[in-house]
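Quick notes on the structure that follows.
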Number of protein chains: 2
Amino acid sequence: MKTLPIQIRIDPALYTKDPESSELGKKIVSQSIQLIDELGFEGFTFKKLGAKIGSNESSIYRYFDSKHALLVYLLNWYWSWVSYRLAVATTNVPPSEEKLTNAIGILTAKIKKDQTISFVNEEMLQRIIITESSKAYHTKDVDKENEKGFYRTYKSVVQKVSDMVLELNPNYEFPHMLISTVIEGAHHQHYFSQHLPSLTDVEIGKNNIVRFYKDLVLSSIR
Amino acid sequence: MKTLPIQIRIDPALYTKDPESSELGKKIVSQSIQLIDELGFEGFTFKKLGAKIGSNESSIYRYFDSKHALLVYLLNWYWSWVSYRLAVATTNVPPSEEKLTNAIGILTAKIKKDQTISFVNEEMLQRIIITESSKAYHTKDVDKENEKGFYRTYKSVVQKVSDMVLELNPNYEFPHMLISTVIEGAHHQHYFSQHLPSLTDVEIGKNNIVRFYKDLVLSSIR
DNA sequence: TATTTATTGATAGTATTACTATTACTTTTG
DNA sequence: CAAAAGTAATAGTAATACTATCAATAAATA
């Protein structure tokens with residue numbers, strides 16, 4: 001687990017105590033990812049996490065107010081990381097269809113093993129995001145949480161890629177809908193391919209999800 | 001509340017006792033829709049529902065094994081109803097872009113008041129589907145439930161509209177991904193327009209969600 | 001080195017949830 | 001009228017999602 005000098009900055013509003021500030025905090029984050037992946041978000045509890053990391057439920061509550069708060073933290077971590085990868089792939093690249101499809105690739109492709117840049121297993125985290133992330137904002141408290149900036153990172157990713165759409169076609173009417181449709185759609189397609197395959201057209205080794213969304217975006221804005 | 005002679009058939013695997021077979025059963029369904037709409041699925045309990053309909057928690061359990069089972073029932077009710085509306089709009093209509101865009105309209109438009117064909121308030125039900133339906137299949141038990149046919153109605157709607165896509169372009173590679181992307185996407189856009197508007201391009205009175213998805217589909221398959 | 005201070009652990013407790021089980025009452029039907 | 005079916009009321013259970021308190025220990029500082 002090598003740590004490259006990459007900054008994944010998380011808004012302090014998203015935790016009670018910064019999990020990056022201690023070994024316990026990092027364990028909480030990394031092991032919660034494993035446990036949510038294993039049990040699903042509903043089956044996951046702080047008590048079980050405490051047992052897994054040899055710590056106490058009450059200690060975990062010092063870092064996160066609730067398991068929902070932890071999920072929102074993970075969501076922001078994921079989108080910060082995507083944002084970083086988008087920046088690497090597109091800054092100072094002149095507007096072109098290639099630039100945009102590279103971005104779409106980042107938004108829609110499955111992560112391969114060993115991209116780990118820190119204590120977070122990104123492959124597993126993406127699996128959680130695919131399966132559980134919509135539960136983070138399908139809550140009675142969305143509006144309050146949105147005001148507190150809980151979804152800022154996600155919204156900024158959508159904004160960035162929407163801007164690339166407008167670079168290519170300044171008259172395109174629906175850039176945000178297009179990109180948020182692609183992002184959420186790709187999550188659904190990855191999930192469906194595992195569990196409800198008749199809702200997809202996935203074939204092994206053909207990378208159809210990425211191909212589909214690249215084609216969708218280009219044909220819509222051309 | 002006029003009742004037209006329309007059959008919304010629900011697979012008996014989806015309930016313990018048929019809620020359409022008694023007044024209590026119908027109350028359970030119609031009032032649960034109101035209560036889920038009001039409290040959100042997490043805040044909704046059978047105890048609260050019992051209080052609301054002047055009945056007992058234990059009586060509700062005779063109709064549905066769990067609140068999750070009730071949600072799955074509502075999901076199937078909704079998709080049966082959409083299926084019926086699709087059939088009305090498209091059977092014996094020759095293949096054409098208009099036929100397909102009519103179908104897309106049914107999948108993506110917000111329901112207006114007073115389409116009520118039975119004891120179910122479809123406008124409210126659609127709001128629940130938009131907000132809560134993804135929770136029905138983002139569960140550790142998806143695979144088991146899928147085998148039992150819990151998602152059959154949804155899958156059949158996707159299949160029907162995918163077939164319309166293939167009528168227009170038999171060589172299109174991704175009809176199922178396209179249609180499931182449209183359906184889930186439209187739900188997200190309706191939800192985002194209320195709660196995270198920067199992820200959309202909704203303007204009042206311009207029907208942008210429907211226009212966006214019709215355009216998306218046609219430009220993809222042409 | 002002594003002493004605050006911060007951090008973690010352990011234990012206990014609470015209200016609520018998502019049920020199950022039992023019994024009794026009431027309504028329908030044959 | 002009696003049997004059967006349906007419903008209501010009550011009680012109980014294990015687990016969840018916390019909160020509160022206090023002791024133990026490690027780290028920081030005076």
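Bear in mind the structure is a predicted one, so any value in this text is a computation, not a measurement. Reckoned from all heavy atoms, side chains included, excluding hydrogens, waters and symmetry mates. Letters go in sequence order (proteins before strands), and every chain restarts at 1.
The residues B/K26 and B/E23 are annotated as salt-bridged, a charged nitrogen and a carboxylate oxygen being separated by less than 4.0 angstrom.
Rounded to an integer number of Å, the gap from B/I60 CD1 to C/dT17 P is 13 Å. Atom OH of A/Y15 and atom C1' of C/dT7 are 17 Å apart (whole Å). The CD1 atom of A/I53 sits 11 Å away from the C1' atom of C/dT8 (whole-angstrom rounding).
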Under 4.0 Å protein heavy-atom contact, by nucleotide of nucleotides 3-22 of chain D - B base, S sugar-phosphate only: ---SBBBB-----SSBBB--
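Classification of the B/H188-A/H138 ring pair by plane angle, with boundaries at 30° and 60°, yields tilted.
Residues B/Y137 and B/F150 place their aromatic rings such that the two centres sit no closer than 6.0 Å.
Remark: B/S22 engages B/Y63 in a side-chain hydrogen bond (donor to acceptor under 3.5 Å, both in side chains) (not counting sequence neighbours).
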Residues 50-62 of chain A, side-chain donor-acceptor partners within the protein, below 3.5 Å, at least two apart:
| from | atom 1 | to | atom 2 | distance (Å) |
| --- | --- | --- | --- | --- |
| A/N56 | OD1 | A/S58 | N | 3.0 |
| A/N56 | OD1 | A/S58 | OG | 2.9 |

